[in-house]
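This report concerns only the one structure given below.
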2 protein chains.
Amino acid sequence: MSSAIKVLLAEDQGMMRGALSLLLNLEDDIEVVAQVAAGDEIVAAALAARPDVALLDIELPGRSGLDAAAELRERLPECKVLILTTFGRPGYLRRAMEAGARGFLVKDGPVEDLAAAIRRVLDGHRVIDPALAAAALSTGPSPLTPREQDVLNAAADGATVADIAARVHLSESTVRNHLSSAIGKTGTRNRTEAVRTARHNGWL
Amino acid sequence: MSSAIKVLLAEDQGMMRGALSLLLNLEDDIEVVAQVAAGDEIVAAALAARPDVALLDIELPGRSGLDAAAELRERLPECKVLILTTFGRPGYLRRAMEAGARGFLVKDGPVEDLAAAIRRVLDGHRVIDPALAAAALSTGPSPLTPREQDVLNAAADGATVADIAARVHLSESTVRNHLSSAIGKTGTRNRTEAVRTARHNGWL
DNA sequence: ACCCGGGCAGGACAAATGTCACTGGCGGAA
DNA sequence: TTCCGCCAGTGACATTTGTCCTGCCCGGGT
């Protein structure tokens, strides 16, 4: 093989990262040329290593993999992005596509899928679980406005209205209104349930 | 090698399970003789395959790995249990030790640790991250009574007092009392925070 | 025998939460 | 321009939540 496929691997869990890296290197047409554990290291590492494919987790410390994917499209368009995530949330898939990702894998499927997906993506194909795609389409895009997302995020760990207001720099009244609106849009009964379903749909 | 170390692997995430399995099988003194994805399949698989070491995740569908570990000690005492978990919660470590586990690994560390830990555990040693052990000791055991844990669990997804009362078969008054008590013991301000810190400490 | 912790339950009360109506500013689309 | 959605804020209101106090039952330990 004159030129192996160069892969960048972004994954925070050490054991997972190490195992995937070893595994991919066993394939004789794939070479892991960079590994990072944090989202804010992705772009710099990619610019240095010039991978053909970037294999990105979404939930990473420092910066979301989706975020990094969007910047990669600008700065290194020849690098194809393949998202590899624990959760097949409809909103994640939608945002991944909007960020220019070429494929979307969940960490459930068999490992064999991984190398195959990398090759298919490099060939210009898209790799998406059909069931997941259907779910994403049926769920529709997020109904939450940016502020509502902010407030829900701030409310996620049990903060009081006063806490949230301080964190987001809003009046308590406004926070209450945004929370109420988010509860309404998610069809739930309180902020905790609202956070739950928003998370479940990948809206946060 | 006349007799390789026989390992049972319990892990719900398909990609992780596959990768670890392949990886361990690369070691010429280790053989993965059984793989399960659910907690309630562990004991049956172990009785059938008679592994030397059981590598168990904690958070599994069907049944907790800690639970299964306790039963394994009864039914297959010659099989050493090694816990492999995402979260190094103090309470998890404590419960793992009480369930008779011989080792406790978090999925962060390097993959190389894994095979080494398996060999050490088989040799009769215990494998525990010293920092984690210190945290477990300093945090102390769970202050929550069984009922308080039930109620917190039922409250975790945003259920109202009425919902919880119905789920746990208690009066609303009693639920409020248990919640208030749990909030006090965790040093928090509301049920959401109480659930958070109880989870964080591995008390649920 | 006693006390004590856990469990269960009810009532009363203050505080936090969720809802609603209404105001106004802003920017984009028709 | 007018309309509409998002944003920000206020005030009033009903509901929920959290706290505290009371009482009772039980089982284990001293």
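Predicted model only: the values in this text are computed from it and were never measured. Order of the sequence lines fixes the chain letters, A, B, ..., with proteins taken first and strands second; residue numbering starts at 1 for each chain.
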Next on the checklist: The test is side chain to side chain contact (heavy atoms under 4.5 Å, CB included); show your working for B:Asp57 and B:Met16 and say whether it passes.
Outcome noted: CA-CA 11 Å; B:Asp57 195 359; B:Met16 187 69 152; over 6 Å; no
Item to check | Heavy-atom donor-acceptor pair, B:Arg89 side chain to B:Arg199 backbone, under 3.5 Å | outcome: yes
Checklist outcome for this item: Only one of B:Ile58, B:Leu56, B:Leu105, B:Leu9 passes side-chain contact (heavy atoms from CB on, under 4.5 Å) with B:Leu84, and that residue is B:Leu105
Item to check | B:Leu93 side, atom CG; B:Met97 side, atom CE - distance, nearest 0.5 Å | outcome: 5.0 Å
Checklist entry - With a 3.5 Å cut-off and just heavy-atom distances, do the side chain of A:Asn177 and the base of D:dA8 make a donor-acceptor pair? => result no
Next on the checklist: Within the 4.0 Å heavy-atom criterion, would you say B:Thr174 contacts the bases, only the backbone, or no part of the nucleic acid?
Outcome noted: base
Item to check | Of A:Thr192 and B:Leu170, the one whose closest DNA chain C nucleotide lies more 5' | outcome: B:Leu170
Checklist entry - What residues in residues 146-159 of chain A put a non-hydrogen atom under 4.0 Å from any atom of DNA chain D? => result A:Pro146, A:Arg147
Checklist entry - What is the distance from CG of A:Asn190 to C1' of D:dT17, rounded to the nearest Å? => result 11 Å
Next on the checklist: One pair to check against side chain to side chain donor-acceptor pair (under 3.5 Å): A:Asn177 and A:Thr174. What are the steps and the verdict?
Outcome noted: CA-CA 5 Å; A:Asn177 287 338; A:Thr174 307; 5.4 Å; no
Checklist entry - Under a 3.5 Å cutoff on both atom distances, Watson-Crick or G-U, what's the dot-bracket for DNA chain C ([ ] crossing, | other strand)? => result |||.||||||||||||||||||||||||||
Checklist entry - What nucleotide among D:dC7, C:dG18, C:dT19 has an atom nearest to a side-chain atom of A:His178? => result D:dC7
Checklist entry - Do the side-chain N and O atoms of A:Thr86 and A:Glu59 include a donor-acceptor pair separated by under 3.5 angstrom? => result no
Checklist entry - Over how many whole Å does the gap from A:Arg189 atom CZ to C:dT19 atom C1' extend? => result 16 Å
Next on the checklist: Surrounding CZ of A:Arg63 (heavy atoms of other residues, nucleotides or ligands, distance under 6.0 Å), is the total greater than 12?
Outcome noted: yes
Checklist entry - B:Arg176 has a side chain; which of D:dT17, C:dG7, C:dA9 sits nearest to it? => result D:dT17
Checklist entry - Whole Å only: how far is the NZ atom of B:Lys185 from the P atom of C:dG5? => result 11 Å
Checklist outcome for this item: Here the distance between atom P of D:dT16 and atom CG of A:Leu179, to the nearest Å, is 17 Å
Next on the checklist: Any side-chain N or O of B:Ser171 below 4.0 angstrom from OP1/OP2 of C:dG10?
Outcome noted: yes
Checklist entry - When the distance from NE2 of A:His169 to P of D:dC7 is rounded to whole Å, what number comes out? => result 17 Å
Next on the checklist: Nearest to the A:Thr145 side chain among D:dG18, C:dG18, D:dC7, which nucleotide is it?
Outcome noted: D:dC7
Item to check | Phosphate-side-chain proximity, A:Thr160 and C:dA16, N/O vs OP1/OP2 below 4.0 Å | outcome: no
Item to check | Sidechain-backbone polar pair: B:Ser21 side chain, B:Arg17 backbone, donor-acceptor under 3.5 Å | outcome: no
Item to check | Gap between atoms CD and P, on A:Glu193 and C:dG18 respectively (whole Å) | outcome: 10 Å
Checklist entry - Under 3.5 Å, side chain of A:Asp129 to main-chain N/O of A:Ala131, donor-acceptor pair present? => result yes
